[in-house]
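Below: the structure, in structure tokens.
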Amino acid sequence: MPDPAAALHALLVHGLVRPAGAHLPGRFTALQLVRLLHLRDRPPAAARAC
């Protein structure tokens with residue numbers, strides 16, 4: 001089973017996610033490019049609902 005902490009660390013090291021800020025400890029945000037690529041590769045909502 002993949003280790004979530006190791007996966008998060010890899011994303012942080014590669015600059016794909018960043019800490020959300022000091023006011024939100026333990027929260028992270030993805031770069032806009034990562035969000036766009038994720039949405040591009042997902043099937044349409046109607047296909048996911050099945």
Any side-chain heavy-atom pair of Leu36 and Arg40 under 4.5 Å: no

Members sharing Leu31's hydrophobic cluster, built from side-chain contacts under 4.5 Å between Ile, Leu, Val, Met, Phe, Trp and Tyr, are Leu8, Leu11, Leu12, Leu16, Val17, Phe28, Val34

The side chain to side chain donor-acceptor pair (under 3.5 Å) partners of Arg35 (sequence neighbours excluded) come to Thr29, Gln32

Side chain to side chain donor-acceptor pair (under 3.5 Å) pairs touching residues 13-24, sequence neighbours excluded, are none

